[in-house]
Student: 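My questions will all concern the structure given below.
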Amino acid sequence: MITDPSPLRPRKPPVAFEQGLTRHWLGGQALPTHVANAINLLFPAGERFFIRSVARYADRVEDPALRAQMRAFFGQEGHHAKAHERFFDLLRGQGYEIDRFLRAYERVAYDGIERVCSPALRLSVTAALEHYTAIMAEDALQEGTLDLAHPTARALLLWHAAEEIEHKTVAFDVLKLVHPSYALRIAGFALATVTLSMFWLAALLVLLAQELPRHGERGERGSLTERLPLTRHRSILKGVFLRGIREYLRRDFHPSQNDNLHLARAYLAGIGAS
């Protein structure tokens, strides 16, 4: 069942939050920054949903190796949720109103959608979202998309990316063990794709609306209208969603088929956290 026997372990975030964060922390531009901020807003509640969905099947898993991977998965995701909530405090300190969005997102996604879905479908959604996060993590570690990021955000996101790649197979392996239905896997993937894109776009619009000039003021808010590297934003559609769909629809797909574990190991070794 376990395709890589290397043990996982939870790590505290190697992030100096006290260093603060520039307002437009990705290349000094509003749009790239808020594309990243928007997905960050989804993480803490999403990570806890992943834990709930996988933990629901803990008593069905007898393989000791997979059980150990599950425990480490819970620890890693728990650390991710807490670290991103500290990131939220930095955004609030910059004057962004994010709490109304967070309340609405959690009400719709977890008080609503989660409650009406079966445990099996929730696990399937989790496996699908873990596939998307692993693709985004690979992009962050391999393509240099965070090279121009403020050190606080870069450290947080690269640490998170490395651990997402490390545990990318866990939810999928649990799903394959307890509900090995291709139809269920694809149903969860369809729901995951729709909800991820919907909530990511909603969060982005909430943040961008707060960048509009007020009372004729410009300054840093004016950077929203500057010429932007649109290639990077097109790559979210092509490099994340279209790639994710193409891979996940294969009947014989397994997350380990994406050879990116070396990226996580190299990054973690480089920061002394391997």
Side-chain angles (χ1 to χ4, degrees), residues 21 23-26 29-50 52-53 77 80-81 83-117 121-122 124-126 128-137 139-140 145 149 153 156-157 160 164 187-214 221 223-225 228-230 232-245:
L21 186 72
R23 183 177 179 89
H24 297 153
W25 54 261
L26 187 51
Q29 293 187 322
L31 182 55
T33 297
H34 289 317
V35 168
N37 282 341
I39 189 69
N40 274 269
L41 292 183
L42 309 184
F43 281 145
E47 307 281 11
R48 293 180 176 119
F49 165 72
F50 297 165
R52 290 192 300 274
S53 299
E77 297 290 50
H80 297 171
H84 283 279
E85 286 174 338
R86 295 189 66 183
F87 186 83
F88 289 178
D89 289 336
L90 298 180
L91 296 182
R92 293 184 182 103
Q94 294 172 348
Y96 291 110
E97 167 50 59
I98 60 175
D99 292 295
R100 283 196 296 271
F101 169 79
L102 291 173
R103 287 192 295 270
Y105 159 56
E106 293 187 29
R107 185 166 59 248
V108 173
Y110 306 110
D111 295 338
I113 298 173
E114 180 181 359
R115 288 190 177 185
V116 301
C117 291
L121 184 57
R122 296 197 294 266
S124 181
V125 168
T126 296
L129 290 172
E130 284 288 300
H131 175 53
Y132 278 129
T133 57
I135 290 175
M136 289 185 274
D139 189 62
T145 55
L156 172 65
L157 295 176
H160 189 167
E164 286 298 323
F189 183 70
L191 181 56
T193 301
V194 170
T195 54
L196 173 60
S197 56
M198 176 181 71
F199 290 126
W200 194 348
L201 178 60
L204 175 60
L205 293 177
V206 165
L207 291 166
L208 289 179
Q210 297 179 62
E211 294 292 340
L212 297 175
R214 297 179 180 178
R221 294 179 184 273
S223 65
L224 181 62
T225 62
L228 298 165
L230 295 179
R232 294 307 312 157
H233 307 300
R234 292 193 187 104
S235 74
I236 293 173
L237 176 61
K238 182 178 180 180
V240 176
F241 286 102
L242 294 184
R243 174 186 166 183
I245 292 168

Student: Taking only residues two or more places apart in sequence or in another chain, which ones pass side-chain hydrogen bond (donor to acceptor under 3.5 Å, both in side chains) with His160?
Tutor: Glu47, His80, His84, Glu164

Student: Once salt bridge (charged side-chain N to carboxylate O under 4.0 Å, His left out) is applied, do any residues pair with Glu114, and if so which ones, sequence neighbours excluded?
Tutor: Arg52

Student: For the backbone of Trp25 and the side chain of Thr33, can you confirm whether one donor and one acceptor N or O come within less than 3.5 Å of each other?
Tutor: yes

Student: Considering only residues two or more places apart or on different chains, which pairs with a residue in residues 93-112 satisfy salt bridge (Lys or Arg N to Asp or Glu O under 4.0 Å)?
Tutor: Arg92-Asp99

Student: Quick one: do the Arg115 and Tyr110 side chains pair a donor with an acceptor below 3.5 Å?
Tutor: no

Student: Can you say whether the rings of Tyr105 and Phe199 are parallel (under 30°), tilted (30 to 60°) or perpendicular (over 60°)?
Tutor: perpendicular

Student: Please report the closest heavy-atom contact between Leu191 and Cys117, naming both atoms and the distance.
Tutor: CD2-SG, 3.8 Å

Student: Working to the nearest 0.5 angstrom, can you tell me the gap between Leu91 CG and Leu21 CG?
Tutor: 6.5 Å

Student: Rounded at 0.5 Å granularity, tell me how far OG1 in Thr126 sits from CG in Leu121.
Tutor: 9.5 Å

Student: Would you check, one step at a time, whether the test side-chain contact (heavy atoms from CB on, under 4.5 Å) holds for Leu204 with Ile39?
Tutor: CA-CA 8 Å; Leu204 175 60; Ile39 189 69; over 6 Å; no

Student: Under 4.5 Å between any side-chain heavy atoms of Asn40 and Leu157, yes or no?
Tutor: yes

Student: Over all heavy atoms of both residues, which pair between Leu207 and Ala38 is shortest? Give the atoms and the distance, please.
Tutor: CD1-N, 3.8 Å

Student: Say whether, by atom type as modelled, one donor and one acceptor occur between the side chain of Trp200 and the main chain of Leu42 under 3.5 angstrom.
Tutor: no

Student: Go through it in stages, so that I can follow the logic: the residues are Leu196 and Phe241, the test is side-chain contact (heavy atoms from CB on, under 4.5 Å), and I'd like the CA-CA distance, side-chain angles, deciding distance and then a yes or no.
Tutor: CA-CA 10 Å; Leu196 173 60; Phe241 286 102; 3.9 Å; yes

Student: Any chance the rings of Phe87 and Phe43 have centres within less than 6.0 Å?
Tutor: no

Student: Could you check if a side-chain atom of Glu130 sits within less than 4.5 angstrom of a side-chain atom of Glu77, using non-hydrogen atoms only?
Tutor: yes

Student: Side chains of Leu31 and Leu26: closer than 4.5 Å at any heavy-atom pair?
Tutor: no

Student: So which heavy atom on Ala203 is nearest to which on Leu41, and how close?
Tutor: CB-CD1, 4.2 Å

Student: Taking the six-membered ring for Trp and the full ring for Phe, Tyr or His, determine whether the centres of Tyr132 and Phe189 are under 6.0 Å apart.
Tutor: yes

Student: Would you check if there is a donor-acceptor pair between the side chains of His24 and Glu211 at a distance under 3.5 Å?
Tutor: yes

Student: Within the structure provided, determine whether Val108 and Thr195 are in side-chain contact (heavy-atom separation under 4.5 Å).
Tutor: no

Student: Can you name the closest pair of heavy atoms from Ala128 and Ala192 and give their distance?
Tutor: CB-CB, 3.7 Å

